[in-house]
Amino acid sequence: MAREIAKAYEPQRIEPRWAKFWVKEALFEADPHAPGPVFSIVIPPPNVTGSLHIGHMLEHTEIDILTRWHRMRGYNTLFLPGTDHAGISTQRVVVKYLADQGIDYQKLGRDEFEKQVWKWKEEAGGQITEQMKGIGESCDWSREKFTLSPEMSRKVREVFVRLYKEGLIYRATRLVNWCPDCLTVLSDLEVVHEERQGHLWYIKYPVVGTKEFLTVATTRPETMLGDTAVAVHPEDERYRHLMGKKAVLPLMNREIPIIADKLVDREFGTGALKVTPAHDPNDFELGKRHHLAEIDVMTDDAHMNANAGAYAGMDRFAARKKIVEDLKAQGLLEKISDHTNAISLCERSKTAVEPRISTQWFCKMKGLAAPAIKAVEEYAPGKENTIYIIPENRRTEYLNWMYNIRDWTISRQLWWGHRIPAWYCKENRHITVARKTPAQCATCGSSNLEQDPDVLDTWFSSQLWPFSTLGWPEETADFKKYYPTTLMVTGYDILFFWVARMIMMGLHFTGRAPFRTVYLHSLVRTGSGEKMSKSKGTGLDPVALNQQYGTDAMRFCLASMAAPGTDIILSDDKLASSRNFANKIWNAARFLFVNLDKFEQGGAKLEDLAAPGVRAKAPYAAGGKVPLVDSWLFARLTSTIDMVNDALANYRFHEAAQGVYQFFWGDFCDWYIEWVKPELQSADRERATVAWKNLFAAFDAALRLLHPFMPFLTEELWHQLPQAAGAKSIALDRFPEAQARWKNSTATDELALIQEVVTKLRAMRAEKRQDAKKKLPAELSSSNPALRKLLEDNSQVVQRLAVLSSFEVFSEGLKGTGMIVQTAIYDLRIPFEAIIDPLAEIARLKREIERLEKDIQSKKARLDDEDFTRKAPENVVKNMGIALVERQLEQKKLKAQLEQLEGSQAVGH
RNA sequence: GGGCGACUAGCUCAGUUGGUUAGAGCGCUCCCCUCACACGGGAGAGGUCGAAGGUUCAAGUCCUUCGUCGCCCACCA
């Protein structure tokens, strides 16, 4: 059976094939009636019109690793994919797309615009799911969902109607965050703050009936056109005489009251505050308290309106400039000072948000939040309906936000989204909220109805995701089996937007927490620490990188850097290093297959070596005994499995990745394969056969261990293994289990000793600049018979690995010249003709003795300290004692060697 | 204005409950294209763990203060 295997791993040739295979074979379709404990996870739905960015890559890699890991361990596993309609974001994209073609979406009209977006969605929406398939996510594609599908729409209406009837959704007129670019209201969360260098303008307001001026300080002079009062602190002596008087609003020549309110900060500016209830949250509150008029001076797109007098039609910032000039001209501008303030920006457009009075739909949050707080506060392992948020510090963030939660503005002045299921009768403006489009007004019976033009915040539908996708409100088999979901993996940047709201809604509507655990993954940042962003051109394109390095390498790289609670900075170096790992695995397989061909030519049968089921009995024995190195390898395998399981159970992806890397590269390739190479072609057929069986069994286990991290490569190689005959996919095979019979501590210790001897011998050669290929004789002496036996038994291996011509073992001390390295329990010698530089050797020995001396002294001091011996745990004291004796022994030997060397030097002179 | 995180090798970072000589990858130096792999093998150099105090028999790890950087939340004009 000759096999053609490329010398270097070429993921590009292999990955697409398996990606298609996994989807076509529907391997990951969940069956709610299948046995096994449940592992269910719903994907955080990416924007339907988006493309896969590096953050998705990390998130989806983590989810897929956990999903494949659980599936391989026999869980009834569901990984449900889907996409989000992403209201504001998608609408912006399509508006721009149309504008680029010279089409004004407003002129197009709502219906036509919606059609355009759906068309766009059909075209662009496939991209991200195709990319997800391309990177091998083991999703159940038969259950794919979209937040704006008719199916999801019904659930959104159901929730809206229920919340409305419970009084938790209401309509109100408030000061809201308005984006003049997106032309919609925003929730508080969609407003981001940014520190900017600005100014503080001091404006003089003449006081009516006096010659005095009252100077106010403001960061936004343009809003003064809507001022309806000036406020001072009631106990401010400076202004006591002005309270109750009136001031003339400059430029508008309107008389406004001077009011007193303790909200005013006497320390800030002049201690006098201009009050613009229609354009500032504080002022709005003041206005309500003092029954002030609310004068909106701006239009939707932040130009000055008719209320702005002479400034009508100007953009707000142009108006600001003009107003300042005019004030200056009139001598009413006292001064301008520098001032840093945090301005509010629209998260999407980065336009300065304009506070505006507007009638909107709101969701009352306090009551919904209470159970969601409790669920997280009272978390305990295994406790029903409680939620574990990890990393821990995010839990505090969640709770703090929830304690201070405020009502949520849920309506949006957009066309793309779930239309609000509220109808107004044109006659009396009664509101009818209903699941199905009503024929008449619920209050007056009028049939002259019009639906609210607005849509719901995107997050209104995504917050239902864990249960809406599983069939709720129907009690479907999926819902019963897979809800609550096991785990939510998402970014901490949407903890409030999404996670908190899912918890509230899940508890409210299903009575159960929507997931047991929330793992908040890292963000991928650029070298300078910024969050990666396509718009800033700082993003890395994972699709291109996958193409370049291989998806497996990308996955492995991300996993190996994904320590919980830290952000990730990705680089080419790191990707290359992961690619090298993939190549290493590929070449290990190549070694196996190329050599197997040779072995088979000797008449061996593949089925005997690695038939299905053979793995269960590994490791195999030769001559009644499992060879030392095989015992060791399986012991290493079992502890690696334990470590990986433990790491993944705690979302410590980096540890798991490091564990498999170390095992595969360090143990399996560097030591095991090198060690057994000759045995695989041994004339002793029994030994050779056992070597092959164990090698195959270990490699098979290693591939399964690696599979969750590197699904493509492992699938490809596994299918070439005899064990895989007749099996569909490694993904449906079992994850290797740590097994008691694999544990063998004597092999671990013994192999460690041999490794140490080999390493020391190599180092001795290297230090003396010996030709790497030249075989040298070497000797070992030890008073320990077991140690001597071990090395005698493995003399051939030591000779080969350390490139020796001979390796003799003695019980007495070593005689003769050459390079000598001594440890507490054995000495090594390579008899070079002469030491190249005796003075350097003397210096080295002295340094070494000195280093040991320090160590010995500090250990002695510790052991002499009664506090230490009394208070420290027994094993710490014991180990310290052992270490001390070893160091002393080592030092003694070095001193002897030094003495001898100095003696011979003296003679030579 | 609150809250949080980071500071460990030249670079990027690990280091769970305090416990023998602090680790990895990349980079660097030296040797080797040995019949799986130069995307490789072997051997090295390199760290007073940001600073100063403190708790402890014992501190990279716990506490306090400070410094530098970053993030989140926030209606002081």
Side-chain angles (χ1 to χ4, degrees), chain A residues 5 7-9 175 188 193 200 216-220 223 231 263-265 267-269 272-276 280-285 339 341-342 344 355 393-394 396-397 400-401 404 492-493 495-496 523 525 527 529-531 553 560-561 563 565-574 576-595 646 650 652 654-655 658 661-662 669-670 673-674 677 759 762-767 769-773 801-803 851 855 859 862 865-873 875-877 879-884 886-887:
Chain A
I5 302 173
K7 195 169 172 184
Y9 177 48
L175 194 79
D188 294 340
H193 302 276
L200 205 48
V216 301
T218 180
T219 53
R220 301 197 55 204
T223 64
L263 192 122
V264 178
D265 178 358
E267 309 301 318
F268 189 90
L273 171 71
K274 64 185 262 321
V275 183
T276 324
D280 181 276
N282 273 321
D283 296 5
F284 180 74
E285 202 184 301
H339 182 68
N341 59 333
S344 303
N393 58 325
R394 300 292 167 194
T396 320
E397 254 177 46
N400 284 336
W401 188 75
N404 300 308
Y492 60 76
D493 52 336
L495 178 58
F496 309 139
L523 298 186
R525 296 188 181 278
E530 282 173 88
K531 186 174 162 181
S560 64
M561 295 195 300
T566 58
D567 288 340
I568 291 175
I569 297 174
L570 198 63
S571 67
D572 280 319
D573 278 359
K574 288 172 185 164
S577 148
S578 294
R579 177 207 54 200
N580 295 353
F581 182 46
N583 189 56
K584 188 74 182 179
I585 298 167
W586 177 261
N587 272 291
R590 190 159 173 266
F591 169 80
L592 255 69
F593 297 131
V594 167
N595 284 280
D646 187 59
N650 292 293
R652 306 177 70 79
H654 66 297
E655 275 183 8
Q658 208 175 306
Y661 183 96
Q662 171 55 36
C669 293
D670 288 349
I673 288 184
E674 291 306 323
K677 266 179 182 174
T759 302
R762 285 169 175 169
M764 288 161 77
R765 310 172 51 107
E767 193 180 335
R769 301 276 184 273
Q770 294 298 306
D771 182 342
K773 286 171 293 186
L801 296 181
V803 198
R851 189 183 64 82
D855 199 26
K859 285 196 166 53
R862 298 297 306 283
D865 185 345
E866 219 181 285
D867 278 336
F868 173 68
T869 51
R870 202 177 63 240
K871 290 180 184 169
N875 68 313
V876 172
V877 178
N879 289 336
M880 181 82 72
I882 294 169
L884 174 63
E886 280 177 3
R887 298 292 138 68

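Numbered from 1 within each chain, the chains take letters A, B, ... in sequence-line order. We use all heavy atoms of the structure for the numbers below, so side chains are in, but hydrogens, waters and symmetry mates are not.
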Legend entry - Nearest-angstrom distance, P atom, B:rC7 to B:rU61: 11 Å
Legend entry - C1'-based separation of B:rU20 from B:rG50 [nearest Å]: 27 Å
Legend entry - Span that lies between the C1' atom of B:rU68 and that of B:rC26, in whole angstrom: 26 Å
Legend entry - Separation of B:rC76 P from A:H193 NE2 (nearest whole Å): 8 Å
Inset, instruction - Tell me what A:S571 touches on the nucleic acid: a base, only sugar-phosphate, or nothing, going by heavy atoms under 4.0 Å. - result: nothing
Inset, instruction - Could you give the distance separating B:rG53 and B:rG67 at their C1' atoms, to the nearest angstrom? - result: 15 Å
Inset, instruction - Could you check how far CG of A:D670 sits from C1' of B:rC37, rounded to whole Å? - result: 11 Å
Legend entry - Spatial distance of atom CD1 (A:I569) from atom CE (A:M561) [nearest 0.5 Å]: 9.0 Å
Legend entry - G-U wobble or Watson-Crick pairing nucleotide for B:rU56 (cut-off 3.5 Å, both distances): none
Inset, instruction - Spell out protein contact along nucleotides 13-26 of chain B as letters: B when the base is contacted, S when just the sugar-phosphate is, - when no protein heavy atom is under 4.0 Å; keep the 5' to 3' order. - result: SSS---BBB---SS
Inset, instruction - Could you give the distance separating B:rU55 and B:rU64 at their P atoms, to the nearest angstrom? - result: 15 Å
Legend entry - Short side-chain N/O contact to B:rC57 OP1/OP2 from A:R870, under 4.0 Å: no
Inset, instruction - Assign A:S578 to base, sugar-phosphate, or nothing according to its heavy-atom contacts below 4.0 angstrom with the strands shown. - result: nothing
Legend entry - Stepwise side chain to side chain donor-acceptor pair (under 3.5 Å) check, A:T223 with A:K274: CA-CA 9 Å; A:T223 64; A:K274 64 185 262 321; 2.7 Å; yes
Legend entry - Nearest-nucleotide 5' precedence on RNA chain B, A:D188 against A:L200: A:D188
Inset, instruction - Check for a donor-acceptor pair, side chain of A:N583 on one end and backbone N or O of A:R579 on the other, with a separation under 3.5 Å. - result: no
Inset, instruction - Assess whether side-chain contact (heavy atoms from CB on, under 4.5 Å) is satisfied between A:L175 and A:E285, documenting all intermediate values. - result: CA-CA 9 Å; A:L175 194 79; A:E285 202 184 301; over 6 Å; no
Inset, instruction - Output the distance between atom NZ (A:K859) and atom CG (A:D855), rounded to the nearest 0.5 Å. - result: 3.5 Å
Inset, instruction - Could you work out the separation of B:rU34 and B:rG70 based on their C1' atoms and round it to a whole Å? - result: 50 Å
Inset, instruction - Both distances under 3.5 Å, Watson-Crick or G-U wobble: report the partner of B:rC66, or none. - result: B:rG50
Legend entry - A:N587 side chain vs A:A8 backbone, donor-acceptor pair below 3.5 Å: no
Legend entry - Selected nucleotide, minimal atom distance to A:K773 side chain, candidates B:rA77, B:rC37, B:rC33: B:rC33
Inset, instruction - Would you indicate what A:R762 reaches in the nucleic acid, counting non-hydrogen atoms under 4.0 angstrom: base, sugar-phosphate, or nothing? - result: sugar-phosphate
Legend entry - Side chain A:D280, main chain A:N282, donor-acceptor under 3.5 Å: yes
Inset, instruction - Working to the nearest 0.5 Å, report the span between CD of A:E397 and CZ of A:R394. - result: 4.5 Å
Legend entry - Complementary nucleotide for B:rU12 - Watson-Crick or wobble, under 3.5 Å: B:rA24
Inset, instruction - Measure the distance from CD1 on A:I673 to C1' on B:rU34 and round it to the nearest whole Å. - result: 16 Å
Legend entry - Touch class at under 4.0 angstrom, heavy-atom based, for A:N282 against every strand present: base
Inset, instruction - Report the distance from atom CG of A:L523 to atom CD1 of A:I568, rounding to the nearest 0.5 Å. - result: 9.0 Å
Legend entry - Nearest-nucleotide 5' precedence on RNA chain B, A:A589 against A:E397: A:A589
Inset, instruction - Mind checking A:K584 for me? I need base, sugar-phosphate or nothing, with any heavy atom below 4.0 Å counting as a touch. - result: base
Legend entry - Any residue meeting ring pair (Phe, Tyr, Trp, His ring centres under 6.0 Å) with A:F581, in chain and number order, not counting sequence neighbours: A:F556, A:Y661
Inset, instruction - Grab the CZ-C1' distance between A:F496 and B:rC4 for me, whole Å please. - result: 11 Å
Legend entry - Whole-Å gap separating C1' (B:rC76) and CD (A:E285): 12 Å
Inset, instruction - Please state how far atom CD in A:E674 lies from atom P in B:rC37, giving the value in whole angstrom units. - result: 11 Å
Legend entry - Nearest-Å distance once atom P is located in both B:rC4 and B:rU48: 31 Å
Legend entry - side-chain N/O A:K7 vs B:rA38 OP1/OP2, d < 4.0 Å: yes
Legend entry - Whole angstrom value for the distance that separates C1' of B:rC4 from OH of A:Y492: 11 Å
Inset, instruction - Hunt down the Watson-Crick or G-U wobble partner of B:rA38, both distances under 3.5 Å, from any strand shown, or write none. - result: none
Inset, instruction - For B:rU12 versus B:rG54, give the span between their P atoms, rounded off to a whole number of Å. - result: 33 Å
Inset, instruction - Could you tell me whether A:A342 contacts a base, only the sugar-phosphate backbone, or nothing, with contacts defined as non-hydrogen atoms closer than 4.0 Å? - result: base
Inset, instruction - Return the value, rounded to whole Å, for the distance between atom CG of A:L523 and atom C1' of B:rC71. - result: 10 Å
